[in-house]
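A quick write-up on the structure given underneath.
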Amino acid sequence: MKNKILGSALMIAGTTIGAGMLAMPLTSAGMGFGATFALLLGLWLLLTYTGLLFMEVYQTAPRTDVGVASLAEQYFGMTGRILATFSLLVLLYALLSAYVTGGGSLLAGLLPTINIGEQDFTLQTGIILFTLLLGAFVVIGIKGVDGLTRVLFSGKIIAFMLVLLMMLPKVKVDNLLAIPLDNALIISAVPIFFTSFGFHVIMASINTYLEADIRKIRTAILLGTLIPLVAYVLWQLSTHGVLSQNEFTAILQADPSLNGLVKATRQITGSEILGEVVRIFSALALITSFLGVAMGIFEGIGDLLKRLNLPANRMSLAPLTFIPPLIFALFYPEGFIAALSYAGLLFAFYGLILPIGLAWRARRLHPNLPYRVAGGNLALVISLITGVIIMIIPFFIQWGFLPSVAG
Ligand SMILES: N[C@@H](Cc1ccccc1)C(=O)O
């Protein structure tokens, strides 16, 4: 029994820790550790809260194995179902695009320069190779992915420990005390930090797996979100503490990508090995998330095609899953952070506004549910306002009202 709770907590932590974590140092390079820490705590609280809201609403589901789209239909009719389904699919596509651009950038850093005519195609080659190699596992099926994930997940933990072990002793207090270059950067970074705490796309599976047992799910959510919080704080402590703000932002200006992070680590610490350990850790984090999200799209589109009575086999699903993110990545090979910001926009809907709406309705219709998340209407309203603000931030950055973050 205990095992299932722990397993669920690890699934939540595994889904949470991904590209967002890697993007964090890039986006927070200019905002100092203090503000970074406060932002981490606030967003952790917010997203744990909405995770619990999903669970509160699940108490009213007719069976233990209904998906979030069915819950949305139960409370908001067909419109609810369509909005939930499409926001989820577009969210997953945006995430996959981020993984492909990020993974491609890391892989390209290892390739020799590839020129076609005058043009440098190294990055594009990295992107295509990354997608083909890993996409193949997804197309072959869940068995291949399960095996690969186990190996990679252990590797990811070991690499992370190594990064911390090598970086924490080099932390300089002066670097941690650096004040933000511009206070508005803190607001610009919110969508990325927010997306880093996302896991809510697996709430339905967790509910089914733990047989809708509220106490178990609650423990799994709390533990599963605390692990990423601790990991993020330590990761930010090392990057902010080691990479001095001025040097780091200067290197990122020249190369605002994950490869830039690797370069900065190598140059500032003077350690070739540390740079490569950061590269390996980043690659493993991207690959494990890529596999999970790609499978999610594969299944989601499969369901959709079947509902529309269209053929759903591997040969039709593979291009539908991988071509859209590949097109994005080839057109915006440096769009790692941009793709994550789009993901943040959709996730603000799926992970905040949707559960708030569902809980609001559920509380009116079933006032005496055994479990209710603390905070009452005030918490619902504050979270809703935060969700709307998070959705607006990327537009404000685009219109020049807010400074843009690296990438
Ligand atoms: N938290 C994940 C992204 C994610 C967002 C929303 C839901 C699921 C996953 C990451 O950092 O990569």
Side-chain angles (χ1 to χ4, degrees), residues 16-50 163-164 167-168 170-198 225-226 228-253 256 258 260-261 264-265 268 278 336-338 340-341 343-345 347-348 351-352 382-383 385-398 400-407:
T16 310
I17 298 179
M21 172 171 181
L22 307 175
M24 261 180 207
L26 307 184
T27 40
S28 66
M31 66 189 238
F33 181 70
T36 301
F37 183 67
L39 204 54
L40 284 175
L41 274 187
L43 289 171
W44 167 74
L45 194 67
L46 179 67
L47 287 161
T48 307
Y49 172 70
T50 64
V163 170
L164 291 183
M167 282 180 93
L168 285 177
K170 293 193 206 293
V171 166
K172 292 205 188 90
V173 178
D174 271 359
N175 289 340
L176 292 178
L177 295 179
I179 48 169
L181 294 176
D182 176 354
N183 281 324
L185 277 174
I186 301 169
I187 302 176
S188 302
V190 169
I192 304 283
F193 272 59
F194 165 75
T195 312
S196 314
F197 280 104
T225 54
L226 261 177
L229 176 66
V230 174
Y232 292 172
V233 170
L234 290 174
W235 168 240
Q236 290 284 42
L237 193 70
S238 348
T239 47
H240 278 274
V242 174
L243 310 174
S244 74
Q245 192 160 275
N246 289 337
E247 278 178 275
F248 189 25
T249 42
I251 295 176
L252 280 184
Q253 229 143 41
L258 286 182
L261 174 66
T265 317
I268 299 175
V278 168
F336 176 61
I337 301 282
L340 271 180
S341 307
L345 197 107
F347 181 51
L352 276 184
I382 294 177
S383 310
I385 296 173
T386 317
V388 174
I389 294 177
I390 292 175
M391 290 181 90
I392 300 175
I393 292 174
F395 297 103
F396 273 41
I397 296 179
Q398 217 161 41
F401 297 138
L402 282 171
S404 67
V405 288

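In what follows, residues are counted from 1 in the order of the sequence shown.
- Side-chain contact between Ile192 and Thr195: absent, with no pair of heavy atoms (C-beta onward) separated by less than 4.5 Å.
- Of the inter-residue distances, the one linking Ser341 atom OG with Phe336 atom CZ reads 10.0 Å to the nearest 0.5 angstrom.
- When side chains are defined from C-beta on, Phe33 counts as touching Gln236, because their heavy atoms get closer than 4.5 Å.
- Distance check: Leu26 CG to Ile337 CD1 gives 4.5 Å after rounding to the nearest 0.5 Å.
- In this structure, the side chains of Ile392 and Ile389 stay at 4.5 Å or more apart for every pair of heavy atoms.
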> Where do Leu46 and Leu352 land on the side-chain contact (heavy atoms from CB on, under 4.5 Å) test, with the steps shown first?
Replying inline: CA-CA 9 Å; Leu46 179 67; Leu352 276 184; 3.8 Å; yes
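- In this structure, the separation between OG on Ser188 and CG on Asn183 is 11.0 Å, given to the nearest 0.5 Å.
- Met24 is not listed as a side-chain neighbour of Thr239, based on a closest heavy-atom distance of 4.5 Å or more.
- Considering OG1 of Thr249 and CG of Leu185, their distance stands at 10.0 Å, rounded to 0.5 Å.
- Across every non-hydrogen atom of Ser28 and Phe193, the tightest pair is CB-CZ, 3.7 Å.
- Residues Thr48 and Phe197 are not in side-chain contact: their nearest non-hydrogen atoms beyond the backbone lie 4.5 Å or more apart.
- Rounding to the nearest 0.5 Å gives a distance of 6.5 Å between CG of Leu181 and CG of Asn246.
- Shown here for Ser196 and Tyr232, the closest heavy-atom pair between the two residues is O-OH, 2.7 Å.
- Between Phe347 and Phe194, the angle of the ring planes lies from 30° to 60°, which puts this pair in the tilted group.
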>> Please determine whether side-chain contact (heavy atoms from CB on, under 4.5 Å) holds for the pair Leu177 and Val173, giving the CA-CA distance in whole Å, both sets of side-chain angles, and the decisive distance to 0.1 Å.
In response: CA-CA 6 Å; Leu177 295 179; Val173 178; 4.0 Å; yes
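- Here CG of Leu168 is found 4.5 Å from OG of Ser238. Values are rounded to the nearest 0.5 Å.
- Side-chain contact between Trp235 and Val163: present, with at least one pair of heavy atoms (C-beta onward) separated by less than 4.5 Å.
- Looking at residues two or more places apart in sequence or on another chain, you find a side-chain contact (heavy atoms from CB on, under 4.5 Å) between Lys170 and Val242, Thr269, Leu274.
- For the pair Leu345/Ile393, no side-chain contact is recorded, criterion being any heavy-atom separation below 4.5 Å from C-beta on.
- Contact record, Met31 with Thr27: SD-O, 4.3 Å, taken as the closest heavy-atom pair.
- When all heavy atoms of Gly260 and Ile251 are compared, the pair lying nearest together is O-CG2, 3.9 Å.
- Pairing each heavy atom of Gln245 with each of Ile179, the nearest pair is NE2-O, 3.1 Å.
- Looking at Leu243 and Leu261, their side chains come closer than 4.5 Å, going by heavy atoms from C-beta outward.
- Closest heavy-atom contact between Ile186 and Leu39: O-CD2, 4.0 Å.
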